[in-house]
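The structure under discussion appears below in the form of structure tokens.
If you read the sequence from its start, that first residue is 1, and numbering goes on from there.
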Amino acid sequence: QVQLVESGGGLVRPGGSLRLSCEASGRTLELSATAWFRQAPGKEREGVSCISSSLDGAIYYADSVKGRFTISRDNVKNTVYLQMNSLKAEDTADYYCATGSHYFCDFSWTLGYGMDFWGKGTPVTVSS
């Protein structure tokens with residue numbers, strides 16, 4: 001059984017930083033594309049970042065977070081991270097990680113394609 005557990009969310013001031021963690025069990029994240037998504041109240045889910053398996057390690061970011069967020073993976077800990085810097089109020093959302101059976105981030109990964117397993121999310125609030 002695949003389980004993804006997110007952690008690291010919280011309240012932070014604008015301009016601050018947080019690092020989210022997504023720890024997996026039942027699946028080796030090194031062999032799978034894994035992504036972070038977010039959903040703000042009243043808004044649609046948004047793909048934030050995706051990292052392909054170690055076969056090529058390609059990384060993708062939503063335009064809204066490029067230059068501020070960094071996705072990475074620790075294969076020993078079977079954990080994917082999302083380092084979020086220069087946080088803005090509009091980054092406030094519940095953040096979810098997801099993975100599946102694909103080695104690579106699907107062309108439509110932002111829509112959730114290829115993501116079969118989802119965590120329960122961790123809330124991020126950016127406010128002064």
Side-chain angles (χ1 to χ4, degrees):
Q1 184 178 359
V2 178
Q3 286 192 323
L4 302 174
V5 179
E6 302 95 336
S7 62
L11 173 64
V12 63
R13 295 181 182 274
S17 299
L18 284 174
R19 189 178 79 157
L20 306 184
S21 300
C22 171
E23 184 174 3
S25 59
R27 189 156 199 93
T28 301
L29 294 184
E30 182 181 2
L31 303 178
S32 305
T34 303
W36 284 96
F37 296 82
R38 66 186 181 185
Q39 188 164 20
K43 294 189 176 181
E44 291 188 355
R45 186 182 66 198
E46 176 187 18
V48 175
S49 182
C50 186
I51 182 168
S52 291
S53 72
S54 294
L55 287 179
D56 74 354
I59 288 174
Y60 305 90
Y61 295 101
D63 288 342
S64 58
V65 305
K66 278 181 183 176
R68 300 188 298 122
F69 290 11
T70 303
I71 193 170
S72 62
R73 181 176 54 230
D74 185 325
N75 295 331
V76 174
K77 295 182 177 180
N78 204 29
T79 299
V80 168
Y81 301 98
L82 185 69
Q83 178 67 43
M84 305 187 298
N85 298 329
S86 303
L87 283 162
K88 305 175 182 179
E90 50 263 43
D91 295 318
T92 295
D94 290 327
Y95 283 72
Y96 303 86
C97 67
T99 193
S101 58
H102 293 199
Y103 290 119
F104 308 109
C105 298
D106 190 271
F107 180 77
S108 298
W109 70 268
T110 56
L111 300 178
Y113 284 107
M115 304 298 162
D116 304 310
F117 308 103
W118 295 75
K120 294 183 178 181
T122 185
V124 172
T125 302
V126 184
S127 175
S128 55

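For the side chain to side chain contact (heavy atoms under 4.5 Å, CB included) test with Trp36, the passing option among Val65, Leu82, Ile51 is Leu82; the others fail.
Closest non-hydrogen pair, Ser17 versus Ser86, comes out as OG-N, 4.4 Å. Of all non-hydrogen atoms in Arg45 and Gln39, the two that sit nearest each other are N-NE2, 3.8 Å. The two residues Ser21 and Thr79 make their nearest non-hydrogen contact at CB-CG2, 4.1 Å. Of all heavy-atom pairs spanning Ser52 and Cys105, the tightest one is OG-N, 3.0 Å.
By the 4.5 Å heavy-atom criterion applied to side chains, Tyr61 and Ile71 are counted as neighbours.
Between the Asn78 side chain and the Leu29 main chain, a donor and an acceptor come within less than 3.5 Å of each other. Side chain of Thr92 to main chain of Ala89: a donor-acceptor pair is present (N/O by atom type, distance under 3.5 Å, no hydrogens or angles). With hydrogens and angles disregarded, a donor-acceptor distance shorter than 3.5 Å links the side chain of Ser53 to the backbone of Tyr103. Here the side chain of Ser32 pairs a donor or acceptor atom with the backbone of Gly100 at under 3.5 angstrom. Put simply, the side chain of Arg13 never gets that close to the backbone of Leu87: no donor and acceptor are under 3.5 Å apart. Between the side chain of Glu6 and the backbone N or O of Lys120, at least one donor-acceptor pair lies under 3.5 Å. A donor-acceptor contact shorter than 3.5 Å is absent between the side chain of Arg19 and the backbone of Gly8.
Lys43 pairs by the side chain to side chain donor-acceptor pair (under 3.5 Å) definition with nothing, not counting sequence neighbours. Qualifying side chain to side chain donor-acceptor pair (under 3.5 Å) partners for Gln83, counting only residues two or more places apart in sequence or in other chains: Asn85. Scanning for side chain to side chain donor-acceptor pair (under 3.5 Å) contacts around Asp56 gives an empty result, with sequence neighbours left out. Annotation: side chain to side chain donor-acceptor pair (under 3.5 Å) contacts of Ser49 (sequence neighbours excluded): none.
Grouping Ile, Leu, Val, Met, Phe, Trp and Tyr residues whose side-chain heavy atoms lie under 4.5 Å apart, directly or via other members, places Tyr96 in a hydrophobic cluster with Phe37, Tyr60, Trp109, Met115, Trp118.
Using a 4.5 Å cut-off between side-chain heavy atoms of Ile, Leu, Val, Met, Phe, Trp and Tyr, with links allowed through other members, Val80 and Ile59 fall into the same hydrophobic cluster.
Applying the salt bridge (Lys or Arg N to Asp or Glu O under 4.0 Å) definition to pairs two or more places apart or across chains, those involving residues 67-85 are Arg68-Asp91.
Checked by atom type, the side-chain pair Ser64/Glu90 shows no donor-acceptor distance below 3.5 Å.
Residue Glu46 places its CD atom among more than 12 non-hydrogen atoms of other residues, nucleotides or ligands, all under 6.0 Å distant.
Between the OH atom in Tyr81 and the OG1 atom in Thr34 there is a gap of 13.0 Å [rounded to 0.5 Å]. Atom CG of Leu20 sits about 8.0 Å away from atom OG of Ser7, to the nearest 0.5 Å.
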